[in-house]
Amino acid sequence: MQASPFSPDCCSVSHKRPRPACPRPSPSTGVRSRAKTPPMNPSDLYESLRETVLAALAQIIPDLPAEIAARVEITPTKDTAHGDMATNAAMVSAKAARQPPGKIAATLAQRLTGGPAIATAEAAGPGFVNLRLHPGTFRALLPTILAAGESYGDSTAGAGTKINVEYVSANPTGPMHIGHCRGAVVGDALANLLHKAGYTVTKEYYINDAGAQVAALAWAAYWRYLQAIGSPMTEDAFAAAVPGGLQYKGEYLIAVGEALQAEFGPALATPDKTIAPAGLWLDTVKDRTIAAMMAEIRQDLRLLGVQQDIYSSERSLVASGAADTVIAGLEADGLIYEGVLEPPKGKTPDDWEPRPQTLFRSTQFGDDVDRPLRKSDGSNTYFANDIAYHADKIARGYDVLIDVLGADHGGYVPRMKAAVKAVSGGRVAFEAVLCQIVHIVKGGQPVRMSKRAGTYVTLRDLLDEVGKDAVRFAMLTRNADAQMEFDLDKVLATTRENPVFYVQYAHARCRSVLRAAADMFPDRPSTDLALASVATDSLDGDAELAVIRRLAQWPRIVQAAALAREPHRIAFFLYDLAADFHMLWNRGKDDTTLRFLQPDQPHQTLARLALVAATAIVIRSGLTVMGVTPVEEMR
RNA sequence: GCGCCCUUAGCUCAGCAGGAUAGAGCAACAGCCUUCUAAGCUGUGGGCCGGUGGUUCGAGUCCACCAGGGCGCGCCA
């Protein structure tokens, strides 16, 4: 399903999964059961401060309900005049405590001031408590990051939850085009993100190789086969004989036709080299063509940096009888009946006529209307097979199924959600991430994709032109939910306005400094691990602390992005971190004593190297989630 | 006609599960730099968060209605 190869443009859109109001009780470890057993992550500074605040709050309000405590947040302040972090603890607990928030805030501030981590705490505004941390509290994070490496920021939020992310799932009817690539990138990055957040993740591709489209593809390949063996038929004559006409006229099938000729000789045609009865060749040609197309698609995906764990075939699902079994199961549950649907209001199709159909009672699970499972020729609808496919995933033990779909499939979501609920008995959650259309722009002009006009922009073309990293990063600089403009010129720009470049450049600069340091101080190991034990007290500049403050946010960004299923947040975080780092770097332009490497100041230099190395780790870690290569130097 | 999504600075977009004075880049304006830390730096101006009501101590964020844009609406996937 998803982005059919006929979608006019590119990708698609987003979603809005009804997020479980209260993050769902969660099977084993509560995703959010922090009220009881907080999944303390010692390297998450915000989380540990939260524990401190909750402890202090519990002394002021001993009988504070757990659901109130769960709403207590520690957030970075927007304005450093307010300190480093703020908590809403007093405001959210005011009602339960029957005290004005200002009073609670004042008491809380008093208790928090002067702790091991907190320098000052003061009540402010409508009941915030602003926290100012000892600079040493932030600096202490550097050894933690350096020792943890790229595992810094890993979360335990998803522990015990198995998630299947299905994405791309393009019809195997041709090479991938730019319309597929947003879903591919978003799905892949989302899966990486969920993995980092502690979920057990499977990346999956559903091969839609059972429908009429694939039959049409086989006919088209057969035409190329006839050409390969020197058939006298004209294209028009052939097209007239094909049910539904000759589709898929792209040249990419020529090689398939030639391969068929090489394997079978003239055996698939009549002796006079015209169309043989379909029964003699259709399945064979279908097999070979689908295999060829999938090889093509997998190659395209590999070039995009996407490698899925499982490829499931709709065709084999049907052939194995699994689809029939699942439908029979629903029937046994009384969820299937023969009935006649009402025509849609306001827009009655021309050829509408009431007709009894085999229907699934999706309305029992929140859908608008019941949905047909069989076509008039007796075969399954796409939906019917998709139910079976999702039932298969459910049987494989996942707790959450996420489908990354094109926006044009938004209407499909409620019925699939209903089906998953029905099949799993409500145990498994179904979520959809919808990707909006991407408009490709080049030189200020829209690049239209039209098969008829022959301007069929393939993913391969796009990758050749701008490269995998730029494509992936750019696709993640916008919420999947919203339409996006992809400017081919801008993603190649080497300026700050190109986030791909800007972030890559920050990482390259970090690495460059570390390489230079190795030359400058050959006797002082500058590995991450060695730097974890250097004294960092000299890091007290505003720009230096700004970078560390940013690094401290990484774990909460990962967790929030994973929970919201929004991988684009990683891209924005990296951009901000890169900006902080570049600013620090630029300080050294005017004032050379602020440069990282000071040949006569080894201790100060090592402290700065610790900061640089930690920054590189977090950038690398974020880029890895996005599937973008962290480069060592800019070329 | 119905349903879902979107609407934030001139432009492209953020806004982290309702929190303080709504942010960034580009463009504009004003300075600085001409560097081997190349692919600039610093600062300024710029907003009725589509509109109107509502819920709340507090709304860009939640609810209702309206307007504009996108997608979908039986045997296509």
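Computed from a predicted model, the values in this text were never measured in an experiment. Letters A, B, ... mirror the listed sequences (proteins, then strands); counts begin at 1. These values consider heavy atoms only, across backbone and side chains, with no hydrogens, waters or symmetry-generated copies.
- In this model, the phosphate group of B/A77 is approached by a side-chain N or O of A/Lys375 to a distance below 4.0 Å at OP1 or OP2.
- Stacking of A/Arg509 on the aromatic ring of A/Phe581 is not recorded, the 6.0 Å distance cut-off and the 45° axial limit not both being met.
- Both A/Asp576 and A/Gly125 lie close to RNA chain B; mapped to their nearest nucleotides by heavy-atom distance, the more 5′-ward contact belongs to A/Gly125.
- Comparing B/G3, B/A14, B/A77 against the side chain of A/His568 picks out B/A14 as the nearest.
- One atom, CG of A/Leu577, and another, C1' of B/A14, lie 16 Å apart when rounded to the nearest Å.
- As rounded to the nearest Å, B/U12 and B/A27 have P atoms that lie 15 Å from one another.
- Closest approach to the A/Arg415 side chain among B/A77, B/A39, B/G15 is made by B/A77 (side chain taken as heavy atoms from C-beta onward).
- The side chain of A/Ile557 has B/C16 as its nearest neighbour among B/A39, B/A20, B/C16.
- Across all strands shown, nothing is found opposite B/G60 as a Watson-Crick or G-U wobble partner with both distances under 3.5 Å.
- Counting any heavy atom pair closer than 4.0 Å across all strands shown, A/Ala124 reaches a base atom.
- Comparing B/G60 with B/U34, their P atoms are spaced 46 Å from each other, to the whole Å.
- Residue-level contact check: A/Ser376 touches the bases, meaning some heavy atom is under 4.0 Å from a base atom.
- Taking OG1 of A/Thr173 as the reference point, atom CD1 of A/Ile290 lies at 10.0 Å (rounded to 0.5 Å).
- Atom pair A/His82:NE2 and B/G23:P shows a separation of 11 Å (rounding to whole Å applied).
- RNA chain B is contacted by both A/Met91 and A/Asp368; A/Asp368 maps to the nucleotide lying nearer its 5′ end (nearest heavy atom per residue).
- Closest contact between the side chain of A/Arg478 and the listed nucleotides B/A77, B/A20, B/C13 involves B/C13.
- Taking atom OH of residue A/Tyr206 and atom C1' of nucleotide B/A77, one finds them 10 Å apart after rounding to whole Å.
- Look at B/C29: its Watson-Crick or wobble partner, with both distances under 3.5 angstrom, is B/G43.
- The residue A/Glu497 sits close only to the backbone: its heavy atoms come under 4.0 Å of sugar-phosphate atoms, none of a base.
- A cation-pi arrangement is not found for A/Arg371 relative to A/Phe383, the charged atom failing to lie both closer than 6.0 Å to the ring centre and inside a 45° cone about the ring normal.
- The side chain of A/Asp408 lies closest to B/C71 when the candidates are B/C71, B/C13, B/G74.
- Taking the ring centroids of A/His439 and A/Phe486, they lie at or beyond the 6.0 Å cut-off.
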